[in-house]
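All values derive from a computational prediction rather than experimental measurement. Below, all heavy atoms of this structure are taken into account, side chains as well, without hydrogens, waters or symmetry copies. All chains are named by letter (A, B, ...) in the order of the sequence lines, taking the proteins before the strands, and each is independently numbered beginning at 1.
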Amino acid sequence: MPELPEVEVVRSGLAAAVGGRRIDRVTVLHPRPVRRHTPGPDDFAGTLAGRTFAVPRRRGKYLWLPFDDGDALMAHLGMSGQFRLDAPGSPLPPQCRVVFTFADDGDELRFADQRMFGGLWLSAGGADLPDEVAHIARDLFDPELDRSALVADIRRRRSGIKRVLLNQTVVSGIGNIYADESLWRARVHYETPADGLSRARTVALLDAATEVMAEALAQGGTSFDALYVNVNGSSGYFGRSLSVYGREGLPCLRCGRPVAREPFMNRSSYLCRACQRKR
DNA sequence: ACTATATCCTGTATGC
DNA sequence: TGCATACAGGATATAG
């Protein structure tokens with residue numbers, strides 16, 4: 001599932017692939033991915049034609065592609081969204097939802113999304129910070145993040161720490177996979193009340209999250225097509241680097257005890273019950 | 001204001 | 001073989 005590292009790989013791939021290029025035509029093959037464009041699919045296609053992309057930006061899992069006119073194309077990959085570059089006229093996969101062709105003769109940009117939790121829409125005046133992203137907290141790679149304020153915010157909350165890590169208005173970019181990886185690395189049980197964590201443990205947890213995602217980013221940037229995000233979560237994109245997520249029954253890489261999987265928020269939490277004890 | 005849950009969506013895997 | 005169900009989990013609307 002695309003979380004911060006995957007979205008950043010896509011962002012940097014798009015910067016190289018579409019920055020400075022002028023859109024010729026947009027074709028919407030399925031209306032659902034443009035549902036957040038309230039004037040509708042036809043307006044979406046019409047209003048984007050003729051615009052020129054600037055440098056794509058990101059906050060957490062939100063991605064936006066500014067145009068040189070001050071508006072921006074918003075993009076969220078959701079669960080299964082992908083951007084692909086392909087030769088015009090080459091066969092379209094069945095999950096392809098939107099196609100952008102360019103005024104030059106280069107590859108066309110395709111947005112594919114199997115489950116269609118993702119979306120594309122125009123944000124008027126959104127080139128700098130779109131309104132739709134204003135409620136999203138800064139992520140752990142944002143140079144303007146105030147880490148001590150974040151630590152204080154986390155330690156005020158009464159939810160379990162994993163819920164807090166997944167709350168994009170507290171800190172953005174972390175999803176189910178990197179939450180579990182971070183908690184394992186910092187040896188924190190996912191149900192630990194956030195307001196019961198010491199300052200030092202909270203700092204260590206954020207450091208772990210930063211490390212885990214930086215390592216994933218380093219791997220993803222070098223070993224895969226930069227514009228491809230695998231849909232298949234546990235066996236997918238950064239699967240080789242995962243220490244606990246998806247490893248139910250396999251030995252904990254630290255202590256050898258079997259990794260457990262527990263139901264959590266209509267999904268799963270993976271943890272080592274020996275390394276990550278409730279306190 | 002904060003917290004928790006239901007919902008959307010479809011391909012794949014599994015059980016009977 | 002075929003049908004039913006579980007599962008994957010982003011963000012958001014709604015309820016408490």
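- Note: CD (Gln82(A)) to C1' (dG10(C)) measures 15 Å, nearest angstrom.
- Two end axes, each from the C1' atoms of five base pairs, can be drawn for the helix from dC2(B)-dG16(C) to dC16(B)-dG2(C); they diverge by 50°, to 10 degrees.
- Taking atom CG of residue Leu77(A) and atom C1' of nucleotide dA8(C), one finds them 16 Å apart after rounding to whole Å.
- Considering only side-chain N and O atoms, His76(A) lies nowhere under 4.0 angstrom from the phosphate OP1 or OP2 of dG10(C).
- Applying the side-chain contact (heavy atoms from CB on, under 4.5 Å) criterion to Ala186(A), with sequence neighbours excluded, gives Val188(A), Leu205(A), Ala208(A).
- Between Asp139(A) and Lys61(A) there is no salt bridge, since no side-chain nitrogen of the basic residue lies less than 4.0 Å from a carboxylate oxygen of the acidic one.
- Rounded to an integer number of Å, the gap from OH of Tyr62(A) to P of dA11(C) is 6 Å.
- Among residues two or more places apart in sequence or in another chain, the ring pair (Phe, Tyr, Trp, His ring centres under 6.0 Å) test is passed with Phe111(A) by Phe83(A).
- As judged by a 4.0 angstrom heavy-atom cut-off over every strand, Phe264(A) is placed among residues making no nucleic acid contact.
- Going from atom CD1 of Ile174(A) over to atom C1' of dA11(C) covers 16 Å, rounded to whole Å.
- Against DNA chain B, the stretch residues 159-171 of chain A makes heavy-atom approaches under 4.0 Å through Ser159(A), Arg163(A).
- Nearest nucleotide to the side chain of Arg158(A), out of dG10(C), dT3(B), dA8(C): dT3(B).
- Counting non-hydrogen atoms under 4.0 angstrom, Arg36(A) reaches the backbone sugars and phosphates but no base.
- Remark: Phe141(A) pairs with no residue by the ring pair (Phe, Tyr, Trp, His ring centres under 6.0 Å) rule, at least two apart or across chains.
- For residues 246-279 of chain A, the pairs satisfying ring-ring contact (aromatic ring centres under 6.0 Å, His included) are Tyr190(A)-Phe264(A), Tyr245(A)-Tyr270(A), with sequence neighbours left out.
- Nucleic acid contact for Arg35(A): none, since no nucleic acid atom lies under 4.0 Å from a heavy atom of the residue.
- Evaluation of the side-chain contact (heavy atoms from CB on, under 4.5 Å) rule for Ser198(A) yields Ala200(A), Arg201(A) as partners, not counting sequence neighbours.
- Take Leu253(A) and apply the side-chain contact (heavy atoms from CB on, under 4.5 Å) test, not counting sequence neighbours, and it matches Trp184(A), Ser243(A), Arg247(A).
- Scanning for side-chain contact (heavy atoms from CB on, under 4.5 Å) contacts around Arg158(A) gives Asp195(A), with sequence neighbours left out.
- Asp71(A) meets the salt bridge (Lys or Arg N to Asp or Glu O under 4.0 Å) test with Arg51(A); sequence neighbours excluded.
- Rounded to an integer number of Å, the gap from CZ of Arg261(A) to P of dC7(C) is 7 Å.
- Salt-bridge check for Arg138(A) with Asp146(A): failed, with every basic side-chain N at 4.0 Å or more from each acidic carboxylate O.
- A distance of 9.0 Å separates OG1 of Thr192(A) from CD of Gln276(A), quoted to the nearest 0.5 Å.
- In this entry the distance linking CE of Met265(A) with P of dT12(C) reads 14 Å, nearest Å.
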Strictly under 4.0 angstrom, non-hydrogen atoms only: write out the protein contact profile of nucleotides 7-15 of chain B, one letter per nucleotide from the 5' end, B, S or -.
BBBBS----

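- Cluster note: Leu129(A) groups with Tyr62(A), Trp64(A), Met74(A), Trp121(A), Val133(A), Ile136(A) through ILVMFWY side-chain heavy atoms spaced under 4.5 Å, whether in direct contact or through intervening members.
- Going from atom OH of Tyr270(A) over to atom P of dC7(C) covers 10 Å, rounded to whole Å.
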